[in-house]
Protein chains: 2
Amino acid sequence: MNPGVTSLDVARLARVSQSAVSRAFTPGRSVSDETRRRIMDAARALGYRPNAHARSLITGRSRIIGLVLSYLENLFYPVVLEELARRLKRDGFHVLLFINDNPNADELVDEILQYRVDGIVLAASTLSSGLAQQCANAGIPVVLFNRIMAAGAARAVSSVRSDNEAGGRALAQFLASGGHRRIGFIAGNEESSTNLERERGFRDGLAAAGQRIWARGVGNYDFAAARRAALEMFARADDRPDAVFVASDHMAFAVMDALRRDLGLSIPDEVSVVGFDNVPQADWGSYRLTTYEQPVAPMIEAAVRLLARFLADQEPPAAENLVIPGSLIVRDSARLPAAAGAAARSRGGRRATSTGNRP
Amino acid sequence: MNPGVTSLDVARLARVSQSAVSRAFTPGRSVSDETRRRIMDAARALGYRPNAHARSLITGRSRIIGLVLSYLENLFYPVVLEELARRLKRDGFHVLLFINDNPNADELVDEILQYRVDGIVLAASTLSSGLAQQCANAGIPVVLFNRIMAAGAARAVSSVRSDNEAGGRALAQFLASGGHRRIGFIAGNEESSTNLERERGFRDGLAAAGQRIWARGVGNYDFAAARRAALEMFARADDRPDAVFVASDHMAFAVMDALRRDLGLSIPDEVSVVGFDNVPQADWGSYRLTTYEQPVAPMIEAAVRLLARFLADQEPPAAENLVIPGSLIVRDSARLPAAAGAAARSRGGRRATSTGNRP
DNA sequence: TTGAAAGCGCTAACAG
DNA sequence: CTGTTAGCGCTTTCAA
């Protein structure tokens with residue numbers, strides 16, 4: 001037990017001043033080897049650890065980053081969370097979690113601000129932009145992850161996202177060149193920037209191939225809703241889509257299950273399905289989902305750098321809206337373009353970057 | 001912008017003392033309505049929020065709970081995380097995340113202790129018990145979630161887990177009465193308490209039916225390793241298991257995919273598969289996994305109460321090791337006992353509690 | 001109910 | 001390199 005061992009206790013035991021103890025525990029401050037040793041011995045004997053709250057009170061930095069999420073069932077978010085926590089740990093930061101699915105949450109702002117987090121990563125695609133704005137106004141750096149501010153909102157907020165439009169376009173082109181002629185789309189949350197961009201890119205891509213969306217449903221980024229949308233879209237046996245782009249992998253799994261189990265359709269022989277995100281499950285044997293990858297690690301890296309820039313600069317730097325290129329991940333859930341077919345089928349899965357190839 | 005608005009600023013604007021401001025922001029402290037109104041107006045005008053670090057410095061409580069996890073790919077952990085964060089939020093606590101897969105992590109202890117968390121939930125099944133012990137020694141309440149201390153370790157640490165043994169037993173009994181005679185087992189991490197208990201229960205259940213484990217593999221709670229274990233276990237086409245219990249759902253998905261896709265086996269006609277956890281994906285159409293549920297919400301509730309008791313008491317209460325009963329969730333991945341077969345097959349899924357039935 | 005004063009544990013100036 | 005001093009923003013006695 002060491003209830004409340006303070007730096008002063010350590011100082012006394014080591015027969016040095018309190019400041020010496022502080023220095024010994026602050027990397028980069030100069031202390032003689034001998035003094036440091038005495039201090040560390042004393043600290044160990046007493047079980048002393050610096051109090052992060054007291055430190056943050058005076059330094060003005062908490063070394064805590066707030067992460068705001070709305071739900072975790074879609075594995076994309078746990079992946080983001082894990083990646084972010086690991087990345088921040090390297091820089092000595094920690095993640096304080098805020099889970100909130102209430103779109104307009106004033107009290108959430110209060111909570112975040114009370115902890116004096118050094119920055120916020122907002123990865124809840126359905127949360128109002130107002131939250132980000134309020135935090136930014138309070139002087140806290142905010143990075144929107146996998147989303148952008150609603151139109152017209154202030155430009156003090158940065159964002160990192162993957163290239164949703166290019167992804168939608170690549171998927172459209174892939175389906176079109178695969179010979180599909182009745183291509184459906186199942187949307188996520190229709191107001192979300194992710195869905196808007198993916199759908200726009202998809203429409204553009206189809207248009208370039210002389211096609212348009214043949215059928216459209218809304219899944220709201222929800223498993224059950226996506227299932228219902230798919231069932232409805234494929235209800236009429238005579239005039240079905242021959243392919244669907246589902247706006248997230250998580251919904252795509254629901255769609256694949258519905259198509260196969262409820263409707264007895266074979267994928268990709270009777271219908272092709274493609275998704276977006278490339279979550280780990282997309283590679284699972286039951287799905288082998290062709291999808292567009294969101295490169296989480298580079299996105300996190302970019303977000304952390306944005307935050308770091310804020311913390312380093314006196315003046316808040318201008319907001320940036322970063323777009324990280326992703327890549328098309330070809331697996332087995334969609335019929336392949338004729339040319340690529342034979343070649344790719346014999347390999348396990350293929351990656352084709354929309355902005356050039358990666359090894 | 002409100003860089004550093006303090007309670008003193010608010011006090012001056014509201015023409016009251018700093019203490020009055022403090023009281024106004026502390027639920028349950030007495031302030032006159034008039035004074036409170038003036039203070040709140042001033043606070044709003046200034047954009048003031050109390051500084052949680054300063055508060056914690058003097059109260060000795062941070063209202064932060066540390067959650068230690070090792071990885072999130074198994075959806076069980078995101079579910080736990082989300083449930084815990086939501087539950088704690090109700091009591092005004094927040095979750096500080098520590099992701100760590102290094103089994104013996106002294107510096108992790110340092111990090112946790114520096115933040116003066118009010119309690120720790122340790123849900124990393126592979127992390128050494130030493131971590132928990134050190135935190136407990138430092139006077140911080142620790143609750144082990146879904147695991148227990150290694151044998152012989154101190155008893156100052158509480159734990160909450162589901163009834164792994166009963167689960168293993170129920171699963172064994174279910175498979176045995178389903179007419180299976182060559183029953184395999186794929187273990188998780190062999191040192192983990194979860195695996196030990198599940199395996200023990202499973203062996204007991206088989207023994208009660210006059211059987212023993214026919215084949216055994218190790219999946220280490222890892223997707224790829226489980227796949228390999230399954231492939232190896234089923235390599236000899238002539239003498240295969242007719243059922244497998246896989247120690248976690250997450251591994252069970254890998255096993256099902258391997259069995260179906262690589263070996264062309266039909267589930268449950270040629271082989272039955274059962275898992276443990278009942279993660280959301282177990283209900284997905286491609287798997288429809290029969291499994292034993294870990295009742296996360298009650299487990300979290302129990303964990304939070306344990307923590308609350310610590311915080312309320314002066315003397316740390318005696319450690320408790322709580323076991324929360326779970327239930328068998330019958331779906332379609334395993335052949336049913338003959339009697340139950342016809343009845344259950346026509347419904348979507350069945351729940352049979354090991355300690356009596358639930359609606 | 002309210003205010004004045006003290007101090008939580010630490011770091012940052014500044015001298016030496 | 002080291003110590004002294006002051007004070008981060010808050011809550012808490014204690015008196016009034």
Side-chain angles (χ1 to χ4, degrees), chain A residues 2-40 42-43 46-64 92 110 113-118 138-139, chain B residues 2-40 42-43 46-64 92 110 113-118 138-139:
Chain A
N2 57 6
V5 178
T6 75
S7 60
L8 197 54
D9 299 328
V10 177
R12 283 202 260 259
L13 183 58
R15 305 186 164 285
V16 295
S17 75
Q18 203 179 9
S19 345
V21 178
S22 171
R23 289 187 190 104
F25 277 90
T26 309
R29 305 299 237 89
S30 51
V31 197
S32 76
D33 287 350
E34 165 60 12
T35 307
R36 152 163 287 124
R37 200 190 50 67
R38 286 229 311 279
I39 291 174
M40 289 313 186
L46 262 26
Y48 167 78
R49 342 258 164 171
N51 182 323
H53 304 292
R55 172 179 289 171
S56 91
L57 201 53
I58 188 154
T59 60
R61 314 245 87 120
S62 60
R63 302 199 80 78
I64 293 178
D110 287 347
L113 264 27
Q114 286 186 214
Y115 281 103
R116 299 296 193 269
V117 295
D118 288 342
Chain B
N2 57 8
V5 179
T6 76
S7 61
L8 196 55
D9 299 328
V10 177
R12 282 202 260 260
L13 183 59
R15 306 187 162 285
V16 296
S17 74
Q18 201 179 14
S19 340
V21 178
S22 171
R23 290 186 190 105
F25 276 90
T26 309
R29 305 300 237 93
S30 51
V31 196
S32 77
D33 287 351
E34 166 60 11
T35 307
R36 155 165 284 124
R37 200 189 49 68
R38 285 229 311 279
I39 291 174
M40 288 313 185
L46 262 26
Y48 167 78
R49 342 257 163 171
N51 182 323
H53 303 293
R55 173 179 288 171
S56 91
L57 199 54
I58 189 153
T59 61
R61 314 245 85 121
S62 60
R63 302 200 79 77
I64 293 178
D110 287 347
L113 264 26
Q114 287 187 214
Y115 282 103
R116 299 299 192 266
V117 295
D118 288 343

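None of the values given here were measured: they were computed from a predicted structure. To find a chain, count down the sequence lines: A is the first, B the second, and so on, and within it residues start at 1.
Arg55(A) places its CZ atom 11 Å from the C1' atom of dG9(C), with the value rounded to the nearest Å. Following rounding to the nearest Å, Arg49(A) (CZ) and dC10(C) (C1') show an atom-to-atom distance of 17 Å. Regarding His53(A), its NE2 atom lies at a distance of 11 Å from the P atom of dC10(C), rounded to whole Å. Counting to the nearest Å, the P atom of dG9(D) and the CZ atom of Phe25(B) are 15 Å from each other. Rounded to whole Å, atom P of dA4(C) lies 11 Å from atom CD of Gln18(B). As a whole-Å value, the separation of Tyr48(A) OH from dT11(C) C1' is 10 Å. Note: CD1 (Ile39(A)) to P (dC10(C)) measures 13 Å, nearest angstrom. Rounded to an integer number of Å, the gap from Leu57(A) CG to dT11(C) C1' is 10 Å.
If you take CG on Asn51(A) and CZ on Arg116(B), they are separated by 4.5 Å, rounding to the nearest 0.5 Å. Atom CZ of Phe25(A) and atom CE of Met40(A) lie 4.5 Å apart (nearest 0.5 Å). In this structure, Ile39(B) CD1 and Tyr48(B) OH are separated by 10.0 Å, a value rounded to the nearest 0.5 Å.
A heavy-atom distance below 4.5 Å is not found between the side chains of His53(A) and Arg55(B). For the pair Ser19(B) and Arg23(B), the minimum side-chain heavy-atom distance is below 4.5 Å.
Among dC10(C), dC10(D), dG3(C), the nucleotide with an atom closest to any side-chain atom of Ala20(B) is dG3(C). Checking dT2(C), dA5(C), dC8(C) against every side-chain atom of Ser19(B), the shortest atom distance belongs to dA5(C). Here dC14(D) is the nucleotide among dC10(C), dC14(D), dT11(C) with the atom lying nearest to any side-chain atom of Arg23(B).
No side-chain donor-acceptor contact under 3.5 Å links Thr26(A) to the backbone of Arg29(A). A donor-acceptor distance shorter than 3.5 angstrom exists from the side chain of Arg63(B) to the backbone of Gly92(B), with no hydrogens or angles considered. The main-chain N or O of Arg12(B) is never found under 3.5 Å from a side-chain atom of Arg15(B) such that the two would form a donor-acceptor pair. At distances below 3.5 Å, at least one donor-acceptor pair connects side-chain atoms of Asp118(A) with backbone N or O atoms of Ser62(A). Between the Arg38(B) side chain and the Ala14(B) main chain, a donor and an acceptor come within less than 3.5 Å of each other.
One cannot find a donor-acceptor pair under 3.5 Å joining the base of dG9(C) and the side-chain atoms of Arg116(B).
Taken over five-pair windows at either terminus, the axes of the helix from dT1(C)-dA16(D) to dG16(C)-dC1(D) are inclined to one another by 20° (rounded to 10 degrees).
For the residue pair Ser32(A) / Thr35(A), a side-chain donor-acceptor distance below 3.5 Å is found, with atom types taken as modelled. Looking only at atom types and distance, the side chain of Thr59(B) has no donor-acceptor partner in the side chain of Ser56(B) under 3.5 Å away.
Within residues 7-17 of chain B, the residues that place at least one heavy atom under 4.0 Å from DNA chain C are, in residue-number order, Val16(B), Ser17(B). Less than 4.0 Å separates DNA chain C from at least one heavy atom of each of the following residues of residues 29-36 of chain A: Arg29(A).
Nucleic acid contact for Thr6(B): sugar-phosphate only, since backbone atoms but no base atoms lie under 4.0 Å from a heavy atom of the residue.
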